[in-house]
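Only one structure is covered here, and it is reproduced in the block below.
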Amino acid sequence: MFQRMETDDVSVREQLFHNRVRETIICVLLFTCLYMVSYLILTHFKKTAEFVTDDAEDATVNKIALWLCTFTLSVAVCAVLLLPISILSNEVLLTFPHSYYMQWLNGSLIHGLWNLVFLFSNLSLVFLMPFAYFFTESEGFAGSKKGVMARVYEAVVLLLLLALLVLGIVWVASALLHDNIARKSLYDLWEYYLPYLYSGISLFGVLLLLLCTPFGLSRMFSVTGSLLVKPRLLEDVEDTLSCTTFEEDSLSRKLKCGNTSCWVKLNVEAMNKEYQTVQSKRIALEMRRKASPWQRNLAYPLAMLVLLGLTVMCVLMVCFNVLELLLDETALPRGMEDPHLGMASFSMFGSLGAAVQVVLILYLMVSSVVGFYSSPPFTGLLPRAQDTNLTEIIANCVSLLILSSALPVFSRTLGITRFDLLGDFGRYNWLENFYIVFLYNMLFAGLTSASLIKTVTWAVQRELIRAFGLHRLPLTVSRSTVPFRLLLASGLSKIQ
């Protein structure tokens, strides 16, 4: 009997060992794929001159910094995929509960992914990205031997000083908010101060998402419209294209005359900008003329309807979450230790609802990125193909990591999904505060609704004015002063 118990213990240990090896292999393969994709993205935007230089030391430093940025970007992409992978894994296990080929997809694997993403995201934010910036800017201490190691020593010293400064600020903040706890936990760095710092970073990321996402949801309409061929009401494309071509030829002749100094008072720079504008307009008109009727008249309205439907669905789900917060305290975001995958669907509509949740989460992330790069303080960070220096790449990776690492908390706080937060993601201090969560939901619903109404009404008004030819009116005539009967008379004359 004793031998049988010993055999059972050995088999259990072997099973645990095999499970751990399998989970490690899956995580390594997933992260390797994301790392390769991130490296291709960064090499597309990096400035080649910084990596092909006569100074071998600078080239080596830039390559190491680029590897750290690639690691950070891959962690950011993995953070975006955390909730979609978790939700889809649960639905797959519900659909195939006894499948032998799905046994590797379990709660332990998902929980491990959440822990790894939390660890690597905070490691990148607190250590790797500051080190990469200091490393690229350092030159070595005065009097020391020049080389890569001298720059490493300087970057490490600066990083330690920055860490002491940040920990001091965290201690002061905790002492002001929780005096007794801060005094008792003065030497408890790992159990109190680092989680407190992570909680503050997550709150900053969620607030940044609150500001960027509603603006991004409204900007998605114009961004999508710029990628598709817009149908124009009451417009003759051939006539407009011929006029634009004639205008482009005229500007081209004037530019040639200005370059040969025929006109002394000619503002060549302003006319060059006007020529580029007219040229881009001509290219857009040619694309519209070459587009098929289905592409010209169906693709754009369908895309706008899909964006409108997704945005309205987000607002309705947030409003429903607000009602749940008022009626049930369990609607607050919380953490769980064991995900219990394959037990029940996280959506009341089953697999279809889970798929909608995944689409909405990815849509919110894309909208937040669009809103972030469209905001006036961050427009300068927009990367340019083959023309983005290393400092801008570091800033972009940090910004994307802050947004993506806050996405699971953001989605759960708004009630987009019912999948509770795993690991340390659910241990933030402010998640249990009803007033913060309630006010956050109300602000998101209000800002998104206001942005959506403004975008739709202004877009309809702009298209009507362009269709009736009123955009050619003098600038002194504002759109609000144009009477409705003038719009109607212009429209009837166009139709006739």
Close side-chain approach of [X] and [Y], heavy atoms under 4.5 Å:
X      : Y      : answer
Leu128 : Phe131 : no
Met129 : Leu68  : yes
Leu362 : Val366 : no
Cys314 : Leu310 : no
Leu452 : Val312 : yes
Trp114 : Ser86  : yes
Tyr363 : Leu217 : yes
Ile393 : Pro383 : no

CA sep, side-chain torsions, deciding dist, call: Leu400, Leu73, side-chain contact (heavy atoms from CB on, under 4.5 Å): CA-CA 7 Å; Leu400 293 176; Leu73 184 59; 3.9 Å; yes
Which heavy atom of [X] sits nearest a heavy atom of [Y], and at what distance?
X      : Y      : value
Ser367 : Met220 : OG-CG, 3.6 Å
Ser375 : Cys212 : OG-SG, 4.5 Å
Pro130 : Ser124 : CD-O, 3.9 Å
Thr43  : Gln386 : O-NE2, 3.5 Å
Thr136 : Val61  : CA-CG1, 4.0 Å
Leu401 : Ser121 : CD2-O, 3.6 Å

Got a donor-acceptor contact below 3.5 angstrom from the [X] side chain to the [Y] backbone?
X      : Y      : result
Thr379 : Pro376 : yes
Thr213 : Leu210 : no
Ser368 : Met365 : yes
Arg151 : Ser138 : yes

Working to the nearest 0.5 Å, report the span between [atom1] of [X] and [atom2] of [Y].
X      : Y      : atom1 : atom2 : answer
Phe378 : Ser399 : CZ    : OG    : 7.0 Å
Leu439 : Leu443 : CG    : CG    : 4.5 Å
Phe45  : Asn389 : CZ    : CG    : 13.5 Å
Ile87  : Arg418 : CD1   : CZ    : 11.5 Å
Phe135 : Ile64  : CZ    : CD1   : 4.5 Å
Arg20  : Ser108 : CZ    : OG    : 6.5 Å

Enumerate, atom names and distances included, each donor-acceptor pair closer than 3.5 Å involving a side-chain atom of residues 29-41, sequence neighbours excluded.
unit_1: Thr32; atom_1: OG1; unit_2: Val28; atom_2: O; d: 2.6
unit_1: Ser38; atom_1: OG; unit_2: Leu34; atom_2: O; d: 2.8
unit_1: Ser38; atom_1: OG; unit_2: Ser74; atom_2: N; d: 3.3

Centroid separation Phe434 to Phe438 less than 6.0 Å: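 Close enough - the centres of the two rings lie under 6.0 Å apart.
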Working for side-chain contact (heavy atoms from CB on, under 4.5 Å), residues Thr72 and Val398: CA-CA 8 Å; Thr72 302; Val398 170; 5.7 Å; no
Stepwise side-chain contact (heavy atoms from CB on, under 4.5 Å) check, Asn106 with Glu23: CA-CA 10 Å; Asn106 50 34; Glu23 293 171 8; 3.9 Å; yes
Lys47 and Glu392 ion-paired at < 4.0 Å: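 Looking at Glu392 together with Lys47, the answer is no, because their closest N to O distance does not fall below 4.0 Å.
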Pairwise side-chain hydrogen bond (donor to acceptor under 3.5 Å, both in side chains) hits with a residue in residues 439-450, at least two apart: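 Listed once each, the pairs are Asn321-Asn441.
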All N/O donor-acceptor pairs, side-chain side in residues 152-162, below 3.5 Å, sequence neighbours left out:
unit_1: Glu154; atom_1: OE1; unit_2: Glu139; atom_2: N; d: 3.1
unit_1: Glu154; atom_1: OE1; unit_2: Gly140; atom_2: N; d: 2.6

Candidate pair Thr417 and Leu83, rule side-chain contact (heavy atoms from CB on, under 4.5 Å), full reasoning: CA-CA 9 Å; Thr417 179; Leu83 269 179; 4.0 Å; yes
